[in-house]
Student: 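I'd like to ask you about the structure that follows.
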Amino acid sequence: MKLIKRINTACIILFLAVAFQACTEKGEVVINVEDYGINANTRECIVAQINQLIENLDEQPTTIVFPKGRYDFYPDSNYLRPYFETNTYDVNPKRLGILLDKKSNITIDGQGSEFIYHGHIQPFTLDNSTNITLRNINIDWDIPLTAESEIIEASLSHLLLKIDTKQFPFEINPQQGIDFIGEDWKENWQLSQGSWLIEIDQNHIIPAYTGGHGCVKYEDDKKLKYTLVDGGLLKIEGQFTKIPTIGNRLIMRHSTRDHAGIFLFHSKDLKLENINVYHTSGLGILSQYCENIEMRQVHMIPNPAKNRFLSGHDDGLHFMGCKGDIVIDDCKAQGLMDDPINIHGTCVPVVEQIDATTVRCKFAHGMSTGLIWAQPGDSLSFIHKKTMKSIGIGTISSLEPESKDVFVLKFKEAVPSMLDANYSIENLSWIPNVKISNCFAGSCRARGYLISTPGKVIIENNVFETSGSAILIAGDANYWYESGAVRDVTIRNNEFRWPCNSSYYQFCNAIISIYPEVPEPDSEQPFHRNIRIESNRFNPSDYPVLYALSVDGLSFNNNTIKRSYEYQPWHFQKHTFLLDACKNVEISRNIIEDDVLGKNILLKRMNQDELRLGNSELTVEVKDAD
């Protein structure tokens, strides 16, 4: 770890006194970082300097300006802090680049600068701060934390890969695979059966078509051999049964998700504008228990100047336990290893009921522990795991942690007497309204937008080229424990292009997949409500367009479906529409071209009377659940 000495505090105060004279007519202070000796293009670490500058600011509106250039950030032992970040491995303390802790009314304007990070580090952390704006910033690494290669040769006996050793330095590990080497880290990588090896189509810059399976397969009982050959190429020898396409790229994931790119934590009234996140060492931008967030022209994309195909290590924009309004406009996502947008709460399972007003709970997922899960006065719902029905609502008076995994909830009133391990609890006070518009989601490994919030949701005027489901509406108190039954969702005027749902990931039963984890769905009391899908354009290569489980009030109207011939059909689902345990469904006034596959509807665990059908070209089949 590179350690940086703190600059003299007295100098900082003197600089501040001078800089505070540069005020706008509105009383806003404008600070140029050059006035503090923070100069561009030196390649020296600025972590201590910029953080001490921020620490000395009061609540007067202040804009910190970085003259355009390159600024470098190395881990600094003075800026380490433990954080429990959802959907992230518990690797603590976190190494922080720029920290805003209990700050207000600050704008950081990079003016198009390159902020370059080194090793495992969190570029920005906003902790219990208010009215903060980040804008005009490019976030990247010289040595990324996930590697890429170009396929030079591929046969049933070997792969020959070209790796840019400047960006992805590595060495052969005689015992197992290869080791990628960073400035303060080393990570082993071995070929697996497709789990951490993603093939990217060089022509379309999207995950290569695999027919729902991995891009490389080999005989498990045959040991693979790794060697360097002429020109520094990596040769992998084995007995392969499936090989990738010459000229395509392979993403060689070797690191863990341990830091977000930008971490927004228990903060409110936040704006991110004109930001390119070219790489991260975990989730891209993680918003955790925040209120009112705007993101405009925030792009999670590969750096085009460096000929990369990979951007973020995991999800792009991830929101957990937020409230107020989330506005995402004119944002792009490409080359992610997971979902461009994920919005959800977190359910916690009950361990035991201690007394009439007290319940012990435990965080269920290893990547969601230690959260400040509720605050006094929050409204909580008690959910039966198998049916996902609420049996009542209580108001919390206190939360007492017993460990990072276990905590005790005290309620103001008596809780239902039957609470035990068959129940989970959801926080109803931290749910956002969401508007996602004019965005592009493409060339990412998994799905597109994951939406699990009871707030008002509008998804409009977006373009999807996702290899899994473009939109997944989930809800779960059994596996990932990502909570949120939707109550008001509008999906309109979007374009779902031919790459959508071309590979199979979790819950990807159709281009739009409404797939809550409900072990025992009740068609009389569905989990989700009021989902409208209207005036969209679908271009499927395969059968499934819409899958819906446990929805009351679902409409699919005025959409256009035109078949693509880019890919061969492969999906196990052979119906255009599959509706399971739903009620009050309408499919009407859609334009469905003659060659669309299936042109059929399968109903499970529901009566045909629950379907109002206005498209006569669609056939209907009714069957019991398997």
Student: Y83 and side-chain hydrogen bond (donor to acceptor under 3.5 Å, both in side chains): which partner among T88, D127, D90?
Tutor: D127
Student: State plainly whether the residues D72 and R43 are in salt-bridge range, i.e. N to O under 4.0 Å.
Tutor: no
Student: Has N51 got a side-chain atom pairing as donor or acceptor with L99's backbone, closer than 3.5 angstrom?
Tutor: yes
Student: Backbone N or O of Q334 within a donor-acceptor pair of the S311 side chain at under 3.5 Å?
Tutor: yes
Student: May I ask you to test the L546-I514 pair for a side-chain heavy-atom distance under 4.5 Å?
Tutor: yes
Student: Go through the structure and list residues passing salt bridge (charged side-chain N to carboxylate O under 4.0 Å, His left out) with R135, not counting sequence neighbours.
Tutor: D109
Student: Look at the rings of H365 and W480 and say which category their plane angle falls in: under 30° parallel, 30 to 60° tilted, over 60° perpendicular.
Tutor: parallel
Student: Would you compute the distance between atom CD1 of I511 and atom OG1 of T466 and round it to the nearest 0.5 angstrom?
Tutor: 8.0 Å
Student: Do you know which of I38, I54, N39 makes side chain to side chain contact (heavy atoms under 4.5 Å, CB included) with Q49?
Tutor: I38
Student: Looking at Q568, is its backbone amide N or carbonyl O close enough to the side chain of Y209 to form a donor-acceptor pair, meaning the two atoms are under 3.5 Å apart?
Tutor: yes
Student: D330 vs N438, test: side chain to side chain donor-acceptor pair (under 3.5 Å). Steps then yes/no.
Tutor: CA-CA 5 Å; D330 195 17; N438 308 307; over 6 Å; no
Student: I need the minimum non-hydrogen distance between P75 and D184, along with the two atoms involved.
Tutor: CG-OD2, 4.1 Å
Student: Within a reach of under 6.0 Å around NZ of K68, are more than 12 heavy atoms found that belong to other residues, nucleotides or ligands?
Tutor: no
Student: To the nearest 0.5 Å, tell me how far C439 SG sits from M295 CE.
Tutor: 11.0 Å
Student: Would you check if the side chain of N87 reaches a backbone N or O of M367 as a donor-acceptor pair within less than 3.5 Å?
Tutor: no
Student: For Y547, does its backbone N or O pair with a side-chain atom of Y515 as donor and acceptor, under 3.5 Å?
Tutor: no
Student: When the ring centroid of H279 is compared with that of H313, is the distance short of 6.0 Å?
Tutor: no
Student: Does R95 come within less than 4.0 Å of D258, counting only side-chain N to carboxylate O?
Tutor: no
Student: So, the side chain of E199 versus the backbone of N248: is there a donor-acceptor pair under 3.5 Å, distance only?
Tutor: no
Student: Answer yes when D339 and R447 have at least one side-chain N-carboxylate O distance shorter than 4.0 Å, and no when they do not.
Tutor: yes
Student: Measure across G312 and T280 and return the closest heavy-atom pair with its distance rounded to 0.1 Å.
Tutor: CA-OG1, 3.9 Å
Student: Are any non-hydrogen side-chain atoms of Y226 and N173 less than 4.5 angstrom apart?
Tutor: no
Student: Are any of the side-chain heavy atoms of K166 and D164 separated by less than 4.5 Å?
Tutor: yes
Student: Taking it one step at a time, do L228 and F170 satisfy side-chain contact (heavy atoms from CB on, under 4.5 Å)?
Tutor: CA-CA 11 Å; L228 285 179; F170 73 97; 3.7 Å; yes
Student: Heavy atoms, side chains only, cut-off 4.5 Å: are L96 and L80 in contact?
Tutor: no
Student: For the residue pair M252 and S149, establish whether any side-chain heavy-atom pair is separated by less than 4.5 Å.
Tutor: yes
Student: Take S368 and T86 through the test side chain to side chain donor-acceptor pair (under 3.5 Å) and record every step on the way to the result.
Tutor: CA-CA 5 Å; S368 290; T86 188; 3.0 Å; yes
Student: Could you walk me through whether D542 and N501 pass side-chain contact (heavy atoms from CB on, under 4.5 Å), step by step?
Tutor: CA-CA 8 Å; D542 215 322; N501 219 39; over 6 Å; no
Student: Between N462 and I436, is there a donor-acceptor pair closer than 3.5 Å when you use the side chain of the first and the backbone of the second?
Tutor: yes
Student: For the ring-ring contact (aromatic ring centres under 6.0 Å, His included) test, which of Y278, W141, F66 pairs with F115?
Tutor: F66
Student: Pair D201, N203 - check side-chain contact (heavy atoms from CB on, under 4.5 Å), show working.
Tutor: CA-CA 6 Å; D201 186 319; N203 297 314; 3.4 Å; yes
Student: Looking at side-chain heavy atoms only, is the closest gap between I50 and Y71 below 4.5 Å?
Tutor: no
Student: Could you walk me through whether Q52 and Y36 pass the side-chain contact (heavy atoms from CB on, under 4.5 Å) test, one step at a time?
Tutor: CA-CA 10 Å; Q52 289 183 41; Y36 303 92; over 6 Å; no
Student: Does any N or O in the side chain of Q122 come within less than 3.5 Å of the main-chain N or O of A260, such that one atom is a donor and the other an acceptor?
Tutor: yes
Student: Would you call I491 and F496 a side-chain contact if the rule is heavy atoms closer than 4.5 Å?
Tutor: yes
Student: Quick one: CD1 on I512 to CD1 on I471, what's the gap to the nearest 0.5 Å?
Tutor: 4.5 Å
Student: Specify the closest pair of heavy atoms between Q288 and C322, including all atoms of both residues, with the distance to one decimal.
Tutor: N-SG, 4.3 Å
Student: Between NE2 of H120 and CD of E187, what distance do you get to the nearest 0.5 Å?
Tutor: 5.0 Å
Student: Closer than 3.5 angstrom, by distance alone: can the side chain of N494 be matched with the main-chain N or O of I459 as a donor-acceptor pair?
Tutor: yes
Student: Just wondering, more than 12 heavy atoms not from K306 lying within 6.0 Å of its NZ?
Tutor: yes
Student: To the closest 0.5 Å, what do you measure between CD1 (I473) and CG (L450)?
Tutor: 9.5 Å
Student: If every non-hydrogen atom of D329 is compared with every non-hydrogen atom of S437, which pair is closest and at what distance?
Tutor: OD1-OG, 2.8 Å
Student: Is the shortest side-chain heavy-atom distance between F240 and L191 below 4.5 Å?
Tutor: yes
Student: Could you tell me whether the side chains of Q573 and N509 share a donor-acceptor contact shorter than 3.5 Å?
Tutor: no
Student: Quick test of your reading of the model: are K186 and E171 salt-bridged, counting only N-O distances below 4.0 Å?
Tutor: yes
Student: Just how far is it from atom CD1 of I46 to atom OH of Y74, taken to the nearest 0.5 Å?
Tutor: 11.5 Å
Student: How about Y481 and F363: are their ring centroids closer than 6.0 Å?
Tutor: no
Student: Taking V47's backbone N and O only, do any of them form a donor-acceptor pair with D76's side chain (distance below 3.5 Å, no angle check)?
Tutor: no
Student: Can you check salt bridge (Lys or Arg N to Asp or Glu O under 4.0 Å) on E114 and R70, steps first, answer last?
Tutor: CA-CA 5 Å; E114 303 288 328; R70 170 179 168 137; over 6 Å; no
Student: Which atom pair, heavy atoms only, marks the closest approach of T146 to I251?
Tutor: CG2-CG2, 3.8 Å
Student: Evaluate D314 against R253 for salt bridge (Lys or Arg N to Asp or Glu O under 4.0 Å), listing each step before the verdict.
Tutor: CA-CA 10 Å; D314 296 288; R253 184 172 180 173; 2.4 Å; yes
Student: Which heavy atom in S155 sits nearest to a heavy atom in I243, and how many Å separate them?
Tutor: O-CG2, 3.1 Å
